[in-house]
Amino acid sequence: MIDKIKILLSEIEQLIVSAPEEVEAARIKYLGKKGTISSLMDDFRTIAPEQKREVGMRLNELKQKATEKIESLKKQFEDSSTGYGDVDLSRTSYPIPLGTRHPLSIVKEEICDIFKRLGFSIAEGPEVEDDWHVFSSLNFADDHPARDMQDTFFIQSDPQIVLRTHTSSVQTRVMEKTAPPIRIICPGRVYRNEAISYRAHCFFHQVEALYIDKDVSFADLKQALLFFAREMFGEKTRIRLRPSYFPFTEPSAEMDISCNICGGKGCPFCKHTGWVEILGCGMVDPNVLENCGIDSKTYSGYALGMGIERITNLKYQVKDLRMFSENDVRFLEQFQSAH
Ligand code: DAH
């Protein structure tokens with residue numbers, strides 16, 4: 001009997017199965033009510049008393065080993081039925097290389113963040129616009145050169161529908177719908193029909209800011225500009241306002257900052273002047289307020305607009321504008337952001 005048990009034990013230990021049904025068949029064969037182990041148990045009653053102890057121990061061992069083996073065979077199919085085999089699902093994943101943000105997005109967010117800290121909120125508008133929002137409402141005379149075919153892309157030769165040439169169109173859209181106080185910042189893409197070169201592109205990006213309330217003065221504008229320049233380019237940055245002209249602001253100005261490349265001493269970037277121009281601004285022309293249904297006797301406001309590419313160039317010294325739209329990863333990978 002001991003020999004029988006030994007043979008059975010090694011048979012069970014070497015058992016190999018290829019399907020769950022075979023496991024069940026093996027279980028019935030060895031552990032079932034009429035299985036081999038049960039019949040050995042029956043035989044056990046008939047053996048000589050002096051053998052009972054040893055045979056009993058071996059029989060119990062056989063039964064236990066057989067049960068364990070069947071269990072482990074069952075498990076083998078349970079695991080592989082998940083489709084993952086012996087993959088450890090609790091392991092940490094392999095590191096996935098992260099992409100980087102586009103430099104224009106990094107700078108756009110930085111500009112918006114600075115204005116958000118002054119209480120401005122984001123407003124957006126359509127890139128395909130009508131003449132009213134891009135030009136007429138903003139006080140552009142009918143014969144203003146900015147409407148020229150040279151600059152503006154028209155949609156389906158309809159002179160009333162254009163690709164916006166500046167984000168100032170969002171000013172009008174918000175003023176038409178919102179009662180003052182208004183404090184908005186409008187980032188977005190704009191289009192101009194220009195020959196593409198290292199200095200110009202047919203599309204680029206702007207950020208526009210507009211503040212309308214009672215008693216808004218040029219001093220408020222200047223304060224916001226100084227705050228912006230210092231936050232963006234560093235504490236030591238100085239600003240300079242030069243009189244200028246825009247149809248939608250009166251008075252109008254252009255703002256220069258002390259060249260942040262040479263610190264104002266003079267270098268090729270600032271053409272040895274120590275100053276670089278970064279934005280246009282002014283007090284919103286009363287005609288524009290009236291065009292949008294805002295009483296210009298009660299309210300006044302300031303507006304400013306800047307090119308994101310220009311600010312990005314100042315921060316990162318990108319020499320060729322075309323790099324921004326070519327999507328060359330060797331260029332893009334150089335920009336890391338905290339966002
Ligand atoms: N819209 C102007 C442009 O595209 C930029 C600008 C100038 C915006 C003065 C303003 C502003 O809001 O007050 O060149």
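Each ligand, and each atom within it, is numbered from 1 in the order the structure gives.
Look at F248 and you'll find a heavy atom under 4.0 Å from some atom of ligand 1. In this structure, Q171 counts as a contact residue of ligand 1, since one of its heavy atoms falls inside 4.0 Å of the ligand.
Separation of the Y316 and F335 ring centroids falls under the 6.0 Å cut-off.
Only the backbone of L304 comes within contact range of ligand 1, with a heavy atom under 4.0 Å; no side-chain atom does. For S168, every heavy-atom contact with ligand 1 shorter than 4.0 Å involves the side chain, none the backbone. Contacts between Q206 and ligand 1, counted as non-hydrogen atom pairs separated by less than 4.0 Å, involve the side chain only.
By the rule that hydrophobic residues join a cluster once side-chain heavy atoms approach within less than 4.5 Å of another member, M41 and I2 end up as members of one cluster.
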*Verdict with reasoning, H201 to E194, per side-chain hydrogen bond (donor to acceptor under 3.5 Å, both in side chains)*: CA-CA 6 Å; H201 212 297; E194 303 236 19; over 6 Å; no

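Only one option out of Q51, R58, K52 pairs with E54 in a side chain to side chain donor-acceptor pair (under 3.5 Å); it is R58.
Looking at R192, E208, R164 and measuring to atom 4 (O) of ligand 1, the nearest heavy atom belongs to R192.
Looking only at atom types and distance, the side chain of E333 has no donor-acceptor partner in the side chain of T100 under 3.5 Å away.
Interface of T249 with ligand 1, defined as ligand atoms under 4.0 Å from a residue heavy atom, comprises 13 (O).
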